[in-house]
2 protein chains.
Amino acid sequence: MNESLQTQRKEQILDAALHVLVQNGYEQARMDDVVQSSNLSKGAIYWYYKSKKEMYLDLVNFWVKRYSVILNHIVEEEASPSRQLKDLFQFFIDQYETDPQPFAALTEFWSMAQKDDEFNTKLQKVYTHFLELIEDIIQRGVQSGEFKKLDIRMTALSIMVNIESINWFTLFDTHGVSVKEYMQTITDFILAGILKKH
Amino acid sequence: MNESLQTQRKEQILDAALHVLVQNGYEQARMDDVVQSSNLSKGAIYWYYKSKKEMYLDLVNFWVKRYSVILNHIVEEEASPSRQLKDLFQFFIDQYETDPQPFAALTEFWSMAQKDDEFNTKLQKVYTHFLELIEDIIQRGVQSGEFKKLDIRMTALSIMVNIESINWFTLFDTHGVSVKEYMQTITDFILAGILKKH
DNA sequence: TAATCTAAACCGACTGGTCGGTCGAGTTTA
DNA sequence: TAAACTCGACCGACCAGTCGGTTTAGATTA
């Protein structure tokens, strides 16, 4: 009935699920931990999700939706391709600084994608869409003459991989290099490589 | 006693362990699967390793040792820093084409490093050492004037991350882009960015 | 407007299958 | 002859998912 209660409850569950996932990994993520962390009961969680896997697949959805809104907004605005690329990087820097948890979860999602077809298919779609979004920007940059004549697919792939590599910072000590300065350096470096000089 | 038998047996076990790890991930890697895949018995495996975890920690050692030999050789040879960087990239391309399994295992090792302190410490050391190796190359390139004046740590980190990103190709469809062409493009791109122009 | 009803939402003790690891009694190998 | 195994039964901890029961909020009735 109450639509917003359902949404709120699911968010409550997925919040806990993310937390547990980052700390313990998928296989060691105990439903009882999610129960505890969500302040709900086992029955409540199984009321909303029919299985652990379904819950975690929905966690992917949740974050994809959340990010898509802003990503699409960046592409659709009127700024120059180079500006859009900068905004893209800046968005991820901001997100990381606000809450690095989703980035820490990436490792687990990749691991899941390796073993499980459903997770693989889901993430494949996410990344394909993300790639197309970056390709669009590059494409327009090349056409407008702002960028060099690049292999669009390759360039987009490289940019995506470099953005995703932000997750490195959740895993290991990077000897004093902060995400912010690292990502900003990378941004400049990539832009220097693809902008046409005159 | 027989040193080489022990080494051979461990290799036999670790071979199977890697195989099972890539297919199922650490938590779902069944000791019984390793038994099957190694053509040994459970008793034999527990004769060499006291636990599953110890076995997989040794799997890291095994590959680190194997790679270290060649990596150190690249740094110690007399070639120019830019040549050394190229060799470094080429080495990983070759390794991937010979056998991508160890790269597929990276995802799992990262996942393990996130949850488990022992794995984290071990991998942290590996990557610190790798970073220092790259830093050495950059350092010499800057000093000889071959490279621009770069932030050495940052550049090395970026190079390492880009090399490790080879593992992306074990996870997702990259829309027709092959590891070889991707890595070669990245190599050229990075070199173009750090070489001094005249 | 209080009493009654109903279904969605929620609770938590319990279970059944799984899997690292053990063990003991034997067999092969160098 | 001791180290290096094999074989297979076994155990005990562990945990996803179940299920019978309870609460809650809003609609219906009287």
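Residue numbers begin at 1 in each chain, while the letters A, B, ... track the order of the sequences. Owing to the predicted nature of the structure, the values given are computational and were not obtained by experimental measurement.
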Pairs touching residues 79-93 of chain A that satisfy salt bridge (Lys or Arg N to Asp or Glu O under 4.0 Å), sequence neighbours left out
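Output for this query lists Arg83(A)-Asp87(A).
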Test: salt bridge (Lys or Arg N to Asp or Glu O under 4.0 Å). Region: residues 135-156 of chain A. Which pairs qualify, not counting sequence neighbours?
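Every pair satisfying salt bridge (Lys or Arg N to Asp or Glu O under 4.0 Å) with a residue in residues 135-156 of chain A: Glu135(A)-Arg153(A).
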Distance check needed: [N] [atom2] versus [X] [atom1], whole Å only.
{"X": "Ile45(B)", "N": "dT22(C)", "atom1": "CD1", "atom2": "C1'", "answer": "15 Å"}
{"X": "Tyr49(A)", "N": "dC10(C)", "atom1": "OH", "atom2": "C1'", "answer": "16 Å"}
{"X": "Met55(A)", "N": "dA16(D)", "atom1": "CE", "atom2": "P", "answer": "9 Å"}
{"X": "Gln28(A)", "N": "dA16(D)", "atom1": "CD", "atom2": "C1'", "answer": "13 Å"}
{"X": "Lys50(A)", "N": "dA16(D)", "atom1": "NZ", "atom2": "C1'", "answer": "14 Å"}
{"X": "Tyr56(B)", "N": "dG21(C)", "atom1": "OH", "atom2": "P", "answer": "12 Å"}
{"X": "Asn24(B)", "N": "dT18(C)", "atom1": "CG", "atom2": "P", "answer": "15 Å"}
{"X": "Glu27(A)", "N": "dG20(C)", "atom1": "CD", "atom2": "P", "answer": "11 Å"}

Using nucleotides 11-17 of chain C, report all nitrogen or oxygen pairs with the protein that are shorter than 3.5 Å.
unit_1	atom_1	unit_2	atom_2	d
dC11(C)	OP2	Ser41(A)	N	2.6
dC11(C)	OP2	Ser41(A)	OG	2.5
dC11(C)	O5'	Ser41(A)	OG	3.1
dG12(C)	O6	Gly43(A)	N	3.4

Would the Tyr127(B) and Trp168(A) ring centres measure less than 6.0 Å apart?
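Yes, the ring centres sit under 6.0 Å apart.
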Trace of the side chain to side chain donor-acceptor pair (under 3.5 Å) decision for Asn72(B) with Glu76(B):
CA-CA 6 Å; Asn72(B) 286 325; Glu76(B) 282 155 14; 5.4 Å; no
From C-beta outward on Lys52(A), which listed nucleotide comes closest to its side chain: dG21(C), dG17(D), dC19(C)?
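Nearest listed nucleotide: dG17(D).
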Looking only at side-chain atoms of Tyr46(A), point me to the closest of dG17(D), dA4(D), dG21(C).
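So the side chain of Tyr46(A) is nearest to dG17(D).
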Determine whether Tyr67(A) and Val126(A) make a side-chain contact, defined as any pair of heavy atoms from C-beta on separated by less than 4.5 Å.
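Contact flag for Tyr67(A)/Val126(A) side chains = no.
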Within the pair [X] and [N], is there a side-chain N or O less than 4.0 Å away from OP1 or OP2?
{"X": "Trp47(A)", "N": "dA9(C)", "value": "yes"}
{"X": "Arg30(B)", "N": "dG20(C)", "value": "yes"}
{"X": "Gln6(A)", "N": "dA9(C)", "value": "yes"}

Any idea how Tyr26(A) and Phe119(A) line up, ring-wise: parallel (<30°), tilted (30 to 60°), or perpendicular (>60°)?
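Perpendicular, since the angle between the ring planes exceeds 60°.
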If you compare all heavy atoms of Val22(B) against all heavy atoms of Ala104(B), which two are closest, and at what distance to 0.1 Å?
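Shortest heavy-atom separation between Val22(B) and Ala104(B) comes out as CG1-CB, 3.7 Å.
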